[in-house]
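All values reported here derive from a predicted model rather than from experimental measurement.
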Amino acid sequence: MVHITVELQVIGLGISGKAAARLALARGASVVGIDQDESLSSLEHDPSFMALNSTGFKTVLGNFDWNLLKDADVVVVSPGVPLEKYGLSYLLQSGKQVMSELDFAAEALPKSVKILAVTGTNGKSTTVTFAGQMLHHFGIDTFVGGNLGTSLSEAAIQHVTSPAQECKLKVAVVEVSSYQMAIPCVYFRPSVSVVLNLTPDHLERHKTMLDYAEHKCRLFSHMTNAKLGLLSFGNQHLDEAVKKYWNKFNPAWIGAFPGLEIDTEAKIATFKVPDIGIESQLQLGSMRAMGKHNYFNAAVAALSVAGLDVGVHIEDINSTIEKLRPPPHRMQVVHKDIHGVTWVDDSKATNVEATYAGLMGLKGQKSVILLGGLAKVLVGQASNGFEELIEPLTGHRCVITVREMLLLDICKFPIQNSYVLCFLLLYFYGLFLNWLLPECPKFGASGTMIHQELSDNGLDIPCIQATNLKDAVEQARKMAKHGDAIVLSPACASFDEFRNFEHRGMVFRELALSS
């Protein structure tokens, strides 16, 4: 279905929400964009909407009349909007047509487009990027996006606004977050679905690991074509969550057969998936991407591409391995200075598991590791898990953590005592500092806690505390020797000092280049 003549409401006007609104207009709907954030610009003043020469849309910001949603024909929800807001849970239960942006976009795509969907706690963006690079190498017209950056609605807009005979798109490689699967999909039907791994993350929203796993495993609920489903071997939460879909896809394991196994020393991936006729090997020795964890990302991407049945076989993919490049901020070499030090931006490592994977890939490369930011919540756990980093940190030059601002630091600023008390009482006060003191350097809201956990658990290399990212970089310069790497792999979210992990990575790169 391409054209619709309905009144459609889009909830959440971020990147995905705006793209969904433009897609709805392109399909002939009248659109109301709704967001409770009053600071946003209205669609009427957005250049991308002004260029449409359409009057069929309006914006409601801040407080809104709930009847707008109640009376709408279709409600499309952006991935960042929890179902507890805007009365969405009630609307779903009432039978109202409520769709995710992902499903709304997929509805408008040609059925001939094969979808490769990738989710998991860590490695999604790199695996999606590698798969897209492999497909492009063989001249297959491919969209790469989703949670990675460009929403699927953008691909759908290109199809809807182009003559039917001009649609050349063959494959959509889509990174999918658990938030995007909060509303069950009907039209988003992957040919290949991948759940790379599952470790504690986003528990402030999901509350339990099983709920987190169930959202991820919804990728297996509506599949088509080869119905190849890859998932991490030996994860109890995934094993439980996937049971209800077990008869709906052809399973393959990441780390066991049927599926794929990797010999990281020999740098060879072996594939055995009898259900789809795959038995082959992939040589990984020519890979230039930094970190052994990228062997897994490349191997999963290769099996996924082969499973699409678009004429690309594992043996063919061998020729692409040395050309693979990870996306920015994922173990990305950003500078090699005159002192023989390599600067590596792994700012996307926003949890302990991502940093662990990056560090394990650095074996043999002595490094100075920068940790800090806003630690993720681990519900019901005595620690935040940083003790898991002790093993991969062994043998490195040192660790630099970034402490919180101390009371003495805070009192240098004209703030009422009540605010100071709030900062001391709330562990995650970095967010409040960012609001109240935008000019104050605050990287490392969890720095002291990280330092304490590492020290208490027997870290045997120097652990130095810095006051902010700039100070951490200066300390790292002093400690690094010729041949070392300085690696920003924070194991924390970035919302203490920075807008997002991309901003944090860019600041790190600027500091590296200023040497």
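Ring pair Phe501/His329 is perpendicular by interplanar angle, where above 60° counts as perpendicular and below 30° as parallel.
Pairing each heavy atom of Gln97 with each of Asp73, the nearest pair is CB-O, 3.9 Å. Taking each heavy atom of Val344 and Phe508 in turn, the nearest pair found is O-CE2, 3.4 Å. Closest heavy-atom contact between Ala172 and Leu152: CB-CD1, 4.2 Å. Between Ser153 and Leu23, the shortest heavy-atom distance links the atoms OG-CD2, 4.0 Å.
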### Message
Pair Ile254, Val194 - check side chain to side chain contact (heavy atoms under 4.5 Å, CB included), show working.
### Response
CA-CA 9 Å; Ile254 301 170; Val194 180; 4.2 Å; yes
### From CA spacing to verdict: side chain to side chain contact (heavy atoms under 4.5 Å, CB included), Leu169, Leu109
CA-CA 9 Å; Leu169 186 64; Leu109 287 174; 4.3 Å; yes
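Side-chain contact check for Phe130 versus Val305: every heavy-atom pair is 4.5 Å or farther apart. Using a 4.5 Å heavy-atom cutoff, the side chains of Phe138 and Thr320 are in contact. Inter-residue side-chain proximity for Glu44 and Thr59 is flagged as met; some heavy-atom pair is nearer than 4.5 Å. Side-chain contact between Val118 and Ser304: absent, with no pair of heavy atoms (C-beta onward) separated by less than 4.5 Å. The closest side-chain heavy-atom distance from Met506 to Phe498 is not below 4.5 Å.
Side-chain polar atoms of Asn294 and Asn297 form a donor-acceptor pair below 3.5 angstrom.
Between atom CZ of residue Phe220 and atom NZ of residue Lys244 there is a gap of 13.0 Å, rounded to the nearest 0.5 Å.
Atom CZ of Arg218 is surrounded by more than 12 heavy atoms from other residues, nucleotides or ligands within 6.0 Å.
Residues that satisfy the ring-ring contact (aromatic ring centres under 6.0 Å, His included) test with Phe188, not counting sequence neighbours, are absent from this structure.
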